Amino acid sequence: MLEVTLPDGAKKEFEDGASALDVAESISKSLAKKALAAKVNGELWDLTRPLDGNSDVAIITERDPEALELFRHDAAHILAQAVQELYPGTQVTIGPVIEDGFYYDFARDKPFSTDDFEKIEKKMEEIIDRDLPIERQVWKKEDAIAHFKGIGEKYKAQIIDDIIPPGEPITLYAHSNQWSDLCRGPHLPSTGKLPKAFKLMKLAGAYWRGDSNNEMLQRVYGTAWANPKDLKAYLTRLEEAEKRDHRKLGRELDLFHMQEEGKGMVFWHKKGLAIWHAVEGYVRRRLDAEDYEEVRTPQVLDRKFWEQSGHWDKYRENMFIAETAEDETLSLKPMNCPGHVQIFKQGQKSYRDLPLRMAEFGACHRYEPSGALHGLMRVRAFTQDDAHIFCREDQIEDETARFITLAKSIHSDFGLETHHINLATRPDVRAGSDEFWDKAETQMMNAARKAGVEPVIAEGDGAFYAPKLDFIVKDAIGREWTCGTIQLDYVLPDRLNAEYIGEDGAKHRPVMLHRAILGSLERFIGILIENCAGAFPMWLAPTQVVVASITETAADYAQSVVDKLEAAGIRAEIDVRNEKINYKVREHSVQKIPYIAVVGQKEAEEGSVALRQFGTKNQIVLPLEDALARLSEEALPPDIARAKSLHN
RNA sequence: GCCGGCUUAGCUCAGUUGGUAGAGCAGUUGAUUUGUAAUCAUCAGGUCGCGGGUUCGACUCCUGCAGCCGGCACCA
């Protein structure tokens, strides 16, 4: 006999060998019918898997969030069966659940085409209709390898061989006697339980076991949901995201362009650059307030320099290198740190100079692989909001904590919420002793806690010389972006011989903290565009106000309004074209201008403007002075607005 | 870099089985002087991504390259 504790605390006795399904049946027929799996002692289990002694059991139905994971996992299996039925000779590899769906990697000589999707989806529905019982089987490792080799599934055999320790039993999941796959499970009780709310989305190449030295497999991505309504909502969400694409908005709003002759390079147009200046100016003020000193270092430096820093060895392939007529080899700087160390090294530094915070809006060039380029998000010429904090070891925690607070505040001013902070720990291939890593990781952890943040551990993601903290922010539609980083470095000061005179009169190595808050201006503006869907908050908008006249008689007055707005520091444009006001309103609304100030004969006579805010349909008529006050107030960057409200 | 797809006017897209291209919007010019999301007309606009081949003839077929898109790998 075994005792089962239900979620409400009720206890029930069952025969040995009873499964969660028996538990569900004992509660009600309808529950047994709806049951998809069970949570047994907190772990997701197959419904029909015999319980292992006394257990806490919760029945999972379609309404539980865990159900989605089951659906997606089963959708992956059913996809694999469908593909193998339709295209014999295709080998299966792995098919995990991912955010919003699943994928399955196949090995097949002939490439799949998205035209095949309809046929495959039909076959999947057919397999669902067959309602095949899904059976969990425990195999011995050797038998499983022999089995998969026997049916020509060399990838599966290899997975088992490489990953499963010898002697450990492994599980296969079988769709009746028609198909089976190596899988940890759990799964639905039968294929018929998968809701017909899935869709194959895209095709992609993917390296076997994620290694670019291996052959490339064909990956089929799909999405799966509990019901057709959720599926439709998801597809709508994708369409909405597409409308925010910064590449599309960049063209429509005339912010920037890119072209073949400068792959991965941005041509900033007037309006895009206006955003840039607003962002840069804001960050500069925030850094000033935190006692950073801004510098600028050379764009091109001799090869010797990069050899010394170690970048030549490790990243030469990704550097833009030039040979001069006088036989020098130079490189465009891929990063700013070595330059900053040179400034640090000018003259003698005392312990009293530390911490020294050196900032640069540093234009860097990296020859990124062509396939990595993506709009503003991944470019070859970019400007980092870079800074290096030279400090003593005992200052690391305070400086890091202080930085975290600053970065969070800046992100939030841009309307991005800090979702979490990752602590990237020691990678497999690394420099430095375990004691060093223990200490460094603890320092970063303590610093985060000091700033009131509990970091999420990202195992093995650190740089080869030190751990780092990465900021993950969430945008308006819930997407996550890695934005901002702080990285501990003991190596570069050593390589480049940075030193300061300590209290003891002796020379010491400073520690460097590499840090960025936006990452690169290019990418960050890309994120901003997508976050606000092109409708920038007033302080960032390239054009903040358009003054539109109704008839020519108001043209002079319109010009005087623009003059006053500009005198108040507002980015204003005039529109006195001979067009209907409807036309002008539409055009500037499409351009997502925050305010349209309409002036006609009436406004000219009484010295007022009719303000129409973007996103609203009604307008308010204000005396010009009031409108000026209101617009200047609204156009203030958040830091200045805060300072002003403190002052008042 | 790797796999797959795409590339026709500034933009969004048509273009039947191979007979050298069309629409809407934007632009030009003219008329219209207008009260909150598109006034009417007019004209102009293309080496059909680039190169090679097949063909009497190629935007259409084949091939090489490039760029872009979706992923993978990479991201100091």
Side-chain angles (χ1 to χ4, degrees), chain A residues 98 103 105 110-115 201-221 242 245 247-248 251-252 254 257-264 306 309-319 333-338 364 366-375 377-380 382 384 386 461 463-466 468 482 485 487 489 491-492 514 519-520 523 548-555 576-591 596-603 610-619 621:
Chain A
I98 52 172
Y103 68 76
D105 284 350
K110 200 173 166 248
F112 288 112
S113 142
T114 45
D115 298 340
M201 301 297 289
K202 53 198 176 193
L203 273 173
Y207 296 108
W208 166 234
R209 306 188 71 171
D211 185 338
S212 57
N213 295 313
N214 288 342
E215 60 269 44
M216 190 156 260
L217 306 169
Q218 296 187 62
R219 177 170 297 179
V220 179
Y221 282 94
E242 214 167 299
D245 191 311
R247 294 165 297 194
K248 184 174 174 288
R251 185 177 56 238
E252 289 172 359
D254 196 15
H257 87 273
M258 300 172 92
Q259 62 188 51
E260 258 188 68
E261 292 77 5
K263 294 180 271 292
W306 303 108
S309 72
H311 293 105
W312 187 267
D313 245 14
K314 205 163 155 56
Y315 294 108
R316 177 171 155 48
E317 292 292 304
N318 297 308
M319 287 163 69
K333 68 174 173 186
M335 52 175 7
N336 310 298
C337 352
C364 297
R366 295 180 187 174
Y367 190 81
E368 304 286 4
S370 59
L373 303 178
H374 178 92
M377 299 304 184
R378 189 83 181 268
V379 288
R380 285 178 174 163
F382 55 96
Q384 294 177 317
D386 202 4
D461 272 356
F464 77 96
Y465 51 83
K468 58 176 179 171
T482 301
T485 183
Q487 220 167 295
D489 188 356
V491 175
L492 204 62
H514 306 252
S520 85
R523 176 167 177 275
S549 60
I550 291 173
T551 61
E552 211 174 328
T553 50
V576 290
R577 290 174 302 171
N578 177 15
E579 295 288 352
K580 288 173 79 168
I581 193 64
N582 296 31
Y583 180 85
K584 296 184 183 180
V585 166
R586 176 183 153 77
E587 198 163 82
H588 300 121
S589 298
V590 166
Q591 285 290 309
I596 303 172
V598 175
V599 294
Q601 199 172 349
K602 203 176 92 195
E603 287 77 10
L611 277 186
R612 176 185 169 124
Q613 190 173 9
F614 177 73
T616 66
K617 276 210 172 11
N618 33 27
Q619 59 277 177
V621 179

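A note on names: the letters A, B, ... follow the listed sequences, proteins ahead of strands, and every chain is numbered from 1. Since we're looking at a predicted model, the values are computed, not measured.
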- Message: Any base atoms under 4.0 Å from Ala204(A), or only sugar-phosphate, or nothing? Heavy atoms, all strands.
- Response: base

- Mapping Ile581(A) and Ala206(A) onto RNA chain B by nearest heavy atom, which one lands closer to the 5' end? Ile581(A)

- Item | Side-chain (Gln591(A)) to main-chain (Glu252(A)) donor-acceptor, under 3.5 angstrom | yes

- A73(B) and U17(B), which share atom name P, separated by this distance in whole Å: 41 Å

- Query: Which whole-number value in Å describes the distance from Glu587(A) CD to A37(B) C1'?
  - Reply: 11 Å

- Item | Dot-bracket notation for RNA chain B, counting Watson-Crick and G-U pairs under 3.5 Å, with | for partners on another strand | (((((((..((((.....[..)))).(.(((.......))).).....(((((..]....))))))))))))....

- If the P atom of U16(B) is compared with that of A76(B), how far apart are they to the nearest Å? 48 Å

- If you look at every heavy atom in Glu242(A) and Lys248(A), which pair is closest and at what distance? O-CD, 4.1 Å

- Considering only heavy atoms and no angle criterion, is a donor-acceptor pair shorter than 3.5 Å present between the side chain of Glu603(A) and the base of G35(B)? yes

- Which nucleotide, A76(B), U33(B), G1(B), lies nearest any side-chain atom of Pro369(A)? G1(B)

- Message: If we count only N and O atoms by modelled type, under 3.5 Å, do the side chains of Gln487(A) and Tyr465(A) hold a donor and an acceptor together?
- Response: yes

- Message: Expressed as a whole number of angstroms, how long is the span from Arg219(A):CZ to A73(B):C1'?
- Response: 11 Å

- Message: The side chain of Tyr315(A) is closest to which nucleotide in this list: A37(B), A76(B), A73(B)?
- Response: A76(B)

- Item | Sugar-phosphate, base or nothing in reach of Ile550(A), heavy atoms under 4.0 Å | base

- Message: Rounded to whole Å, how long is the line connecting atom CD of Gln218(A) with atom C1' of A73(B)?
- Response: 17 Å

- Hey, does Ala610(A) reach any base, or is it just sugar-phosphate, or nothing, if we go heavy atoms under 4.0 Å? base

- Query: Under 4.0 angstrom, heavy atoms only, what part of the nucleic acid is Ala372(A) near: base, sugar-phosphate, or nothing?
  - Reply: base

- Item | Donor-acceptor pair, side chain of Ser549(A) and main chain of Glu552(A), under 3.5 angstrom | no

- Query: How is Pro111(A) classified with respect to the nucleic acid when contacts are heavy atoms under 4.0 Å: base, sugar-phosphate, or nothing?
  - Reply: sugar-phosphate

- If you take all heavy atoms of Cys364(A) and Gln384(A), which pair is closest and at what distance? SG-OE1, 3.7 Å

- Message: Over all strands shown, is Arg612(A) touching base, sugar-phosphate only, or nothing at heavy-atom distances under 4.0 angstrom?
- Response: base

- Taking NZ, NE, NH1 and NH2 as the nitrogens, is one of them in Glu579(A) or Arg586(A) under 4.0 Å from a carboxylate oxygen of the other? no

- Note: Ala554(A) and Gln601(A) closest approach over all heavy atoms is CB-N, 4.4 Å

- Item | Rounded distance in Å between the C1' positions of A23(B) and C3(B) | 36 Å

- Message: What's the gap between C56(B) and C48(B) when it is taken at their P atoms, as a whole Å value?
- Response: 22 Å

- How far does the P atom of G51(B) sit from the matching atom of A66(B), given to the nearest Å? 15 Å

- How long is the line joining OH of Tyr583(A) and C1' of C40(B), in whole Å? 13 Å

- Message: Please tell me if Ser212(A) has a side-chain N or O lying less than 4.0 Å from either OP1 or OP2 of C2(B).
- Response: no

- Task: Name the nucleic acid region contacted by Lys202(A), choosing base, sugar-phosphate or nothing; use a 4.0 angstrom heavy-atom cut-off, strictly under.
- Result: sugar-phosphate

- Task: Starting at atom CG of Asn214(A), determine the distance to atom P of C72(B), rounded to an integer number of angstrom.
- Result: 16 Å

- Tell me which nucleotide among A37(B), C75(B), U33(B) gets nearest to the side chain of Thr551(A). U33(B)

- Query: Which listed nucleotide (A38(B), C69(B), C74(B)) is nearest to the side chain of Asn582(A)?
  - Reply: A38(B)

- Query: OP1 or OP2 of G67(B) less than 4.0 angstrom from a side-chain nitrogen or oxygen of Lys263(A), does that happen here?
  - Reply: yes

- Query: Where the side chain of Pro334(A) is concerned, which of U36(B), A76(B), A37(B) is the nearest nucleotide?
  - Reply: A76(B)

- Message: Within the 4.0 Å heavy-atom criterion, would you say Arg247(A) contacts the bases, only the backbone, or no part of the nucleic acid?
- Response: sugar-phosphate

- Query: Counting just side-chain N and O atoms, does His374(A) come under 4.0 Å of either OP1 or OP2 of G70(B)?
  - Reply: yes

- Item | Euclidean distance, atom CG of residue Asn618(A) to atom C1' of U36(B) [Å, nearest integer] | 10 Å

- Between U55(B) and U60(B), how far is it from one P atom to the other, in whole Å? 16 Å

- Query: When you check the gap from the basic side-chain N to the acidic O, do Arg209(A) and Asp211(A) get nearer than 4.0 Å?
  - Reply: no

- For Arg251(A) and U12(B), is the shortest distance between a side-chain N/O and OP1 or OP2 below 4.0 Å? yes

- Note on the structure: Here the distance between atom C1' of C69(B) and atom CD of Glu260(A), to the nearest Å, is 14 Å

- Report which part of the nucleic acid Glu579(A) touches: base, sugar-phosphate, or nothing (heavy-atom distance under 4.0 Å, all strands). base

- Task: Mind calculating the distance between OH (Tyr367(A)) and P (A76(B)) to the nearest angstrom?
- Result: 19 Å

- Message: Classify Lys602(A) by what it touches in the nucleic acid, base, sugar-phosphate, or nothing, heavy-atom distance under 4.0 Å.
- Response: base

- Are Tyr103(A) and C72(B) close enough that a side-chain N or O sits under 4.0 Å from OP1 or OP2? no

- From the list U39(B), U36(B), A37(B), which nucleotide is the closest neighbour of the side chain of Val598(A)? U36(B)

- Message: Counting only heavy atoms not in Glu317(A) (residues, nucleotides, ligands), do more than 12 fall under 6.0 Å from its CD?
- Response: no

- Item | Donor-acceptor pair, side chain of Lys584(A) and main chain of Arg577(A), under 3.5 angstrom | yes

- Item | Pairwise P distance, G10(B) and U47(B) [rounded to whole Å] | 8 Å

- Interatomic distance at C1', U63(B) relative to U42(B), whole Å: 45 Å

- From the candidates A37(B), G70(B), C2(B), the one with an atom nearest any side-chain atom of Met216(A) is C2(B)

- Message: My understanding is that only one of Lys263(A), Arg380(A), His374(A) makes a side-chain contact (heavy atoms from CB on, under 4.5 Å) with Glu368(A); could you say which?
- Response: Arg380(A)

- With a 4.0 Å cut-off on heavy atoms, is Gly310(A) in touch with a base, just the backbone sugar-phosphate, or nothing at all? nothing

- Task: Examine the base of G1(B) for any acceptor or donor lying under 3.5 Å from a partner atom in the side chain of Tyr207(A), and report the outcome as yes or no.
- Result: yes

- Query: With a 4.0 Å cut-off on heavy atoms, is Asn213(A) in touch with a base, just the backbone sugar-phosphate, or nothing at all?
  - Reply: nothing

